[in-house]
Amino acid sequence: MMSLLFFTIIMVTLAGSQAEFNGTLSVTIYASLGANVSIPCHMLHDDSVGGMLNGMRVKWTKVAQDESFNEDVLVGMGFHIKTYGNFDGRAFLERANDEDASLVLTDISKDDAGTYRCEIFSGMEEQVYEVALEVEGSEINGVVFPYSPPGGRYNLNFHSAEQACVEQGAVVASFDQLLEAWKGGLDWCNAGWLSDGTVQYPITRPRQPCGGNNGPGLRSYGRRDKKLSRYDVFCYASPLTGRFYWLVQPERLSYDEAVQACIDDGAEIAKVGQMYAAWKVESFDRCDAGWLADGSVRYPISRPRKNCSPTEAAVRIVGFPDKAEKLYGVYCYKEEQ
């Protein structure tokens, strides 16, 4: 019998109570820079009024001290959603149920701090709530990264996924680590194993076929057969204890030459997890494609610019080229003495 594919959307309220709203400033929500946050708002239960799919209209506004400077954030009715200004493309309705009008904001900045007003209109009924959002700096500790082997996507059972992460200087990421990475902006449309045996993927910018209209969150396939099921994997690399670096060479190298060049320099060819850790934790930036231990060619960009990941900071992959090709340099890693 065909197994069912389940999707779970996990939204995050970083702090605050579930106190009943009465139109006053009753809840404060805390978010980290660059994270995603859910700002709660729920229609008070009343059997006489409909929910989001039955004519309920919701309006979110960022409230200024002088209300003439209020900013429209989002207006929604049913599946019709409109966002405004700086919130366009990163404001969504959570819609966990028909009475849920909670606002999800992605990629939080200091400018997002302030008071948010939720107005719900249903027939002749109107409910108004206000919630405060405070933005705090975030502490970086390690990095979650998606990994697929040279053979291509969806080729790893759970046990080979564990081995793949170890070979890249990492371990299989936990659910909590993936959740924190999503809150930090990780968006990846390929499903991967987690350490609890579930298969999930993080979506920050919903799009077809990556989350559709369901809003940002973690999509879960649930627990899968560890021997028979095959997916990618999310790995977690801790901060480096040694030095990750680009090895300056007069000529481009084949893979075997790259391995030997690092050895000759008293180091080893770097692993994928080491590149991600250097990029995320140390802001390593280099626009040169280089060999890594798994036979892939990648480069880390922390300062996006023309011809070097122009739209976002990222670790870019060229692919898994023929190891005999002499087209690339090499990244090395040396443990501290």
Side-chain angles (χ1 to χ4, degrees), residues 11-46 48-138 183-185 204-207 213 215-217 311-312:
M11 301 299 180
V12 182
T13 299
L14 297 179
S17 69
Q18 294 298 318
E20 181 173 327
F21 298 112
N22 57 11
T24 63
L25 195 63
S26 56
V27 174
T28 299
I29 300 299
Y30 298 87
S32 297
L33 285 173
N36 304 329
V37 68
S38 176
I39 304 176
C41 180
H42 296 82
M43 182 174 65
L44 294 180
H45 182 69
D46 186 339
S48 66
V49 296
M52 285 297 295
L53 301 180
N54 295 300
M56 185 175 88
R57 178 173 176 268
V58 59
K59 178 180 180 181
W60 277 95
T61 306
K62 187 181 180 190
V63 182
Q65 189 169 9
D66 180 346
E67 294 221 3
S68 63
F69 292 99
N70 286 359
E71 297 178 69
D72 290 335
V73 177
L74 177 149
V75 173
M77 186 171 69
F79 291 110
H80 300 286
I81 305 294
K82 181 173 178 58
T83 53
Y84 298 87
N86 183 49
F87 300 99
D88 190 27
R90 62 187 193 91
F92 306 87
L93 289 178
E94 185 167 342
R95 294 198 290 203
N97 52 56
D98 281 356
E99 288 74 39
D100 185 11
S102 300
L103 175 72
V104 176
L105 293 180
T106 64
D107 194 19
I108 295 295
S109 71
K110 284 288 188 182
D111 291 338
D112 291 325
T115 299
Y116 288 80
R117 179 179 296 154
C118 173
E119 299 173 84
I120 298 175
F121 308 90
S122 183
M124 300 298 293
E125 300 287 332
E126 179 180 359
Q127 298 171 22
V128 181
Y129 317 117
E130 290 188 350
V131 181
L133 174 65
E134 294 189 11
V135 179
E136 304 173 320
S138 60
K183 285 159 54 178
T204 299
R205 302 181 301 277
R207 60 219 182 264
N213 296 320
T311 61
E312 62 179 349

*Asks:* Evaluate side-chain contact (heavy atoms from CB on, under 4.5 Å) for Val27 paired with Tyr129, printing each intermediate quantity in order.
*Replies:* CA-CA 10 Å; Val27 174; Tyr129 317 117; over 6 Å; no
*Asks:* For Asp88 and Thr83, does a side-chain donor sit closer than 3.5 Å to a side-chain acceptor?
*Replies:*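 Thr83 and Asp88 do have a side-chain donor-acceptor pair below 3.5 Å.
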*Asks:* Looking at every heavy atom in both Pro206 and Pro216, which two are closest together, and how far apart are they?
*Replies:* CG-N, 3.5 Å
*Asks:* Report yes or no: does Tyr84 contribute a side-chain atom to a donor-acceptor pair with the main-chain N or O of Val75 at less than 3.5 Å?
*Replies:*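 A pair under 3.5 Å: no.
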*Asks:* CG of Leu105 to CG of Asn36: how many Å apart, nearest 0.5 Å?
*Replies:*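 These two atoms lie 9.0 Å from each other.
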*Asks:* Can you give me the closest heavy-atom contact between Val58 and Leu93, atom names plus distance?
*Replies:*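 Heavy atoms of Val58 and Leu93 come nearest at CG1-CD1, 3.6 Å.
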*Asks:* When you compare the side chain of Pro40 with that of Ile29, does any pair of heavy atoms fall below 4.5 Å?
*Replies:* yes
*Asks:* Of all the heavy-atom pairs spanning Arg90 and Asp112, show the shortest one and how long it is.
*Replies:* NH2-OD1, 2.7 Å
*Asks:* Would Val73 and Thr61 count as a side-chain contact (heavy atoms from CB on, under 4.5 Å) here? Give the steps.
*Replies:* CA-CA 5 Å; Val73 177; Thr61 306; 5.6 Å; no
*Asks:* Could you walk me through whether Arg205 and Thr106 pass the side-chain contact (heavy atoms from CB on, under 4.5 Å) test, one step at a time?
*Replies:* CA-CA 8 Å; Arg205 302 181 301 277; Thr106 64; 5.9 Å; no
*Asks:* Hey, could you give me the OH/SG distance between Tyr116 and Cys41, rounded to the nearest 0.5 Å?
*Replies:* 14.0 Å
*Asks:* Take atom CD in Gln65; do more than 12 heavy atoms of anything else shown fall under 6.0 Å from it?
*Replies:* no
*Asks:* Roughly how far, to the nearest 0.5 Å, is NZ of Lys59 from CE of Met77?
*Replies:* 14.5 Å
*Asks:* By the definition side-chain contact (heavy atoms from CB on, under 4.5 Å), identify the one residue from Met56, Glu126, Met43 that meets it with Phe121.
*Replies:* Glu126
*Asks:* How close do Asp100 and Arg95 get, heavy atom to heavy atom, and via which atoms?
*Replies:*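 Looks like OD2-N, 3.5 Å.
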*Asks:* At what distance, to the nearest 0.5 angstrom, does CG of Leu133 lie from NZ of Lys62?
*Replies:* 8.0 Å
*Asks:* Ignoring hydrogens, what is the shortest heavy-atom contact between Phe92 and Thr204? Give both atom names and the distance.
*Replies:* CE1-O, 4.2 Å
*Asks:* Where is the tightest heavy-atom contact between His42 and Gln127, given as atom of each residue plus distance?
*Replies:* O-OE1, 4.2 Å
